[in-house]
Engineer: 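Here it is: the structure, laid out below.
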Amino acid sequence: GPPPGWPTPPPGRLRPDSFINPSLPLYAMIPGLWLQDRLARVGLLPEKLADPLVAGRALSALAGAGAVLILGLALGRRRERLRWAPSLFLALAPGFVNLCHFATPEAWLFLGSAATLALALAHLEGRASALSLGLALGLTASTKYTAAALLLPVLLAAWLAPQRRRARP
């Protein structure tokens, strides 16, 4: 079963009743929590590191690092000078750092937001499909409801993207 203290769904259901936000971050963390639990059971983790909040916080920090990486990849190709600046500034922003070290959905929202906005830019350049853009938006909305704010840039990217003509057979 899940580690002690972790929100658990009622028998026969996958949706936890005790979580106010959408559940994707919980499900994204399950493999890491499972591994942590197994390592703790065989004595490879000290008791302090066996707490599920430690794994949740580490996974949130990784999600935040992923957002920084995606920002760097998305904007680095568009800038000649100071390619590293946007990612560095995000990585050092106090609010970002603060929210990414808790086992909460915010870091996952940042990761999804970065991916959605990067795909919006790629869609404008004809390098990403509308389907991938919609998928990123849907997954991001499954982390926290405030991802609805991404709907406007996604719709703008879909509207402003050059139309591709299909070749006739």
Side-chain angles (χ1 to χ4, degrees), residues 3 6-7 19-36 39 44-46 48-162:
W6 195 251
F19 200 60
I20 193 168
N21 290 305
S23 302
L24 184 60
L26 288 176
Y27 298 122
M29 289 192 268
I30 285 174
L33 292 167
W34 178 86
L35 179 61
Q36 177 197 38
L39 292 173
L44 293 176
L45 284 180
K48 283 186 176 185
L49 294 180
D51 185 341
L53 285 177
V54 172
R57 291 177 78 160
L59 292 168
S60 289
L62 286 173
V68 169
L69 177 65
I70 289 170
L71 178 69
L73 294 173
L75 296 181
R77 67 180 14 216
R78 288 166 183 80
R79 299 176 56 96
E80 289 298 318
R81 295 184 41 208
L82 304 174
R83 294 175 187 257
W84 48 267
S87 290
L88 177 65
F89 294 163
L90 179 62
L92 297 177
F96 180 79
V97 172
N98 183 48
L99 290 172
C100 289
H101 86 282
F102 294 118
T104 61
E106 281 75 13
W108 300 93
L109 174 66
F110 291 145
L111 176 62
S113 296
T116 301
L117 294 173
L119 282 168
L121 288 172
H123 182 69
L124 282 172
E125 297 170 346
R127 296 183 304 106
S129 69
L131 177 64
S132 64
L133 183 54
L135 181 64
L137 176 63
L139 289 171
T140 304
S142 296
T143 64
K144 196 159 180 168
Y145 297 120
T146 52
L150 292 168
L151 187 58
L152 183 59
V154 166
L155 290 174
L156 283 172
W159 182 48
L160 295 173

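Note that the structure is predicted; figures quoted are calculated from it, not measured.
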Engineer: If you round to the nearest 0.5 Å, how far is CG of Leu150 from OG1 of Thr140?
Structural biologist: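 It comes to 6.5 Å.
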Engineer: Working to the nearest 0.5 angstrom, can you tell me the gap between His123 NE2 and Leu160 CG?
Structural biologist: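 Going from NE2 on His123 over to CG on Leu160, the span is 9.5 Å.
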Engineer: Give me the atom names and distance for the closest heavy-atom approach of Ile70 to Ala118.
Structural biologist: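 Taking Ile70 first and Ala118 second, the nearest heavy atoms are CG2-CB, 3.8 Å.
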Engineer: Kindly give the heavy-atom pair with the smallest separation between Pro86 and Leu71, and that separation in Å.
Structural biologist: O-CD2, 3.4 Å
Engineer: Which heavy atom in Pro162 sits nearest to a heavy atom in Leu124, and how many Å separate them?
Structural biologist: CD-O, 3.3 Å
Engineer: Would you please test Lys48 and Val54 for side-chain contact (heavy atoms from CB on, under 4.5 Å) and show each step?
Structural biologist: CA-CA 8 Å; Lys48 283 186 176 185; Val54 172; over 6 Å; no
Engineer: Could you pull out the closest heavy-atom pair between Ser60 and Ala107, with the gap in Å?
Structural biologist: O-CB, 3.2 Å
Engineer: Under a 3.5 Å distance rule, please check whether Gln36 uses its side chain to pair with a backbone N or O of Asp51 as donor and acceptor.
Structural biologist: yes
Engineer: Using a 4.5 Å cut-off on heavy atoms from C-beta on, say whether the side chain of Leu156 contacts that of Leu152.
Structural biologist: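 Yes, close enough: below the 4.5 Å cut-off.
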Engineer: Using 0.5 Å steps for rounding, measure from the CG atom of Leu45 to the CG atom of Leu35.
Structural biologist: 8.0 Å
Engineer: Does Ser132 offer a backbone N or O that forms a donor-acceptor pair with the side chain of Ser129 under 3.5 Å?
Structural biologist: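 Present.
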Engineer: Looking at every heavy atom in both Ser142 and Pro25, which two are closest together, and how far apart are they?
Structural biologist: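 Scanning both residues, the minimum pair turns out to be O-CD, 3.7 Å.
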Engineer: Short question: side chain of Thr143, backbone of Leu24 - any donor-acceptor pair under 3.5 Å?
Structural biologist: no
Engineer: Nearest 0.5 Å, what's the CG-CG distance between Leu75 and Leu117?
Structural biologist: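 If we round to the nearest 0.5 Å, Leu75:CG and Leu117:CG are 9.5 Å apart.
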Engineer: Taking the six-membered ring for Trp, are Trp84 and Phe89 parallel (under 30°), tilted (30 to 60°) or perpendicular (over 60°)?
Structural biologist: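 Ring orientation of Trp84 relative to Phe89: perpendicular.
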Engineer: As an exercise, state the distance from CZ of Arg83 to CG of Leu88, rounded to the nearest 0.5 Å.
Structural biologist: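 Separation between the atoms: 16.0 Å.
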Engineer: To the nearest 0.5 Å, tell me how far Leu33 CG sits from Leu59 CG.
Structural biologist: 6.5 Å
Engineer: Heavy atoms, side chains only, cut-off 4.5 Å: are Leu39 and Leu49 in contact?
Structural biologist: no
Engineer: Is there side-chain contact between Pro22 and Tyr145, with at least one heavy-atom pair below 4.5 Å?
Structural biologist: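 Sidechains of Tyr145 and Pro22: in contact.
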Engineer: Could you pull out the closest heavy-atom pair between Ala147 and Leu137, with the gap in Å?
Structural biologist: O-CD1, 4.0 Å
Engineer: Can you tell me which residue among Val97, Leu99, Asn98, Thr104 is in a side-chain contact (heavy atoms from CB on, under 4.5 Å) with His101?
Structural biologist: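 Single pass found, and it is Asn98.
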Engineer: Given the rule in the side-chain contact (heavy atoms from CB on, under 4.5 Å) test, do Val68 and Phe96 qualify, once you have shown the distances and angles that lead to the verdict?
Structural biologist: CA-CA 10 Å; Val68 169; Phe96 180 79; 3.6 Å; yes
